[in-house]
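The next block holds one structure in the form of structure tokens; read it before the comments.
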2 protein chains.
Amino acid sequence: MRPLFHPSIDDVTLEGILHALSDPVRMAIFADIVKGDCAPSCSSFLRVNEKAIPKSTLSQHFKALREAGLIRGQRQGVEMHNTPRCAELQERFPGLMAAISSAYFLQLQRNSEKAKKRSRRRRATTE
Amino acid sequence: MRPLFHPSIDDVTLEGILHALSDPVRMAIFADIVKGDCAPSCSSFLRVNEKAIPKSTLSQHFKALREAGLIRGQRQGVEMHNTPRCAELQERFPGLMAAISSAYFLQLQRNSEKAKKRSRRRRATTE
DNA sequence: TCCATTAGTTCACAAGTTCGGAACTCATGA
DNA sequence: TCATGAGTTCCGAACTTGTGAACTAATGGA
């Protein structure tokens, strides 16, 4: 297997970061890796937000995140271990990742509130 | 001419913003509109970073920025006047736009430093 | 009023990108 | 040595993007 490519932090670009995170699946994966609340391997994301993701697609998404400089992937036996490059990114673009993450969680929260309201309204009209 | 579409601030998504700004031309246009240091009409961007941009392409880029909720366009006679939706965006995603803009200017500055170093080195080797 | 000019949009198509199934590689354990 | 499980690669279909040509719309003379 070909060795994994990781850009040097100096070659990481703002456009690259924004493009990588402009895909909702990649944003969700990255947020989960940053939170660190689940095993950060490819196969732990076979479903994202209730939606099944084919593993070829997942593999491409991880590659995109690696090549944008957002995560570092290390093969550990048969699995891949992914870690965020938070410290380096913070040095390169101070405050950027924190702002994007907090915008993401704000949006998640707001969407779940909207969904609650919608289902309450639906129940009210069918009763 | 069809009226311009602007999303309500509640319909503006993080993915949409990141996608719109992941294009270097759109990022440059948006940064200039935010700085407000040049007439923010389409035709003032016929060249971006020394590169000529066809006007049909520019028109699409402005449409993308409008539909992502980043700018507001108003026809003023034959011209279009574009303004950033900073205040609304700040309310919707606090700190996000500031972090992206400052990352952009940091990168610009660093690139111009790199270019200077390169040309100095070139001169030194040819002497 | 008519025409030329200027600003921006729309359309169609070529070029590029992304998605996902099938076939692959590679490490591991039986 | 073989089966298995985790990821990757390949490739066609579907989607997206960039651009020239043709368009619309407002404006300012003649």
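As the structure is a prediction and not an experimental result, all values here were calculated from the model. Convention: sequence-line order gives letters A, B, ...; per-chain numbering from 1.
Counting heavy atoms of neighbouring residues, nucleotides and ligands inside a 6.0 Å radius, atom NZ of A:Lys63 does not exceed 12 of them.
The interatomic distance linking B:Asn82 (CG) with C:dG8 (C1') rounds to 11 Å, in whole Å. One can place CG of A:Leu58 at 16 Å from P of C:dT18, the figure rounded to the nearest angstrom. Look at CD on A:Glu79: it is 9 Å from C1' on D:dG5, rounded to the nearest Å. Computed from coordinates, the B:His19 NE2 to D:dT17 P distance equals 4 Å when rounded to whole Å. Between B:His81 atom NE2 and C:dA7 atom P the separation is 15 Å, expressed in whole Å. We find that CD of B:Gln74 is positioned 18 Å from C1' of D:dA25, with the value rounded to whole Å. What separates CE of A:Met80 from P of D:dT8 is a distance of 4 Å, to the nearest Å. A:Arg66 has its CZ atom 11 Å from the P atom of D:dG7, to the nearest Å.
Expressed to the nearest 0.5 Å, how far CZ of A:Phe93 lies from CD1 of B:Ile100 amounts to 11.5 Å.
Distance alone, capped at 3.5 Å, places no donor-acceptor pair between the B:Arg26 side chain and the B:Ala64 backbone.
Nearer to the 5' terminus of DNA chain C, by closest-nucleotide assignment, is the contact made by B:Thr57 (compared with the other of A:Gln60 and B:Thr57). Place A:Lys63 and A:Val78 on DNA chain D by their nearest nucleotides, and A:Val78 ends up nearer the 5' end.
Candidate nucleotides D:dT8, C:dG8, D:dG18 were compared by shortest atom distance to the side chain of B:His61, and D:dG18 ranks first. Here the side chain of A:Ser56 is nearest to one of C:dC19, D:dT9, C:dT6, namely D:dT9. Nearest nucleotide to the B:Pro54 side chain, out of D:dA6, C:dG8, D:dG20: D:dG20.
Look at A:Glu88 and A:Arg72 and you find a salt bridge, because one of the NZ, NE, NH1 or NH2 atoms lies within 4.0 Å of a carboxylate O, short of that distance.
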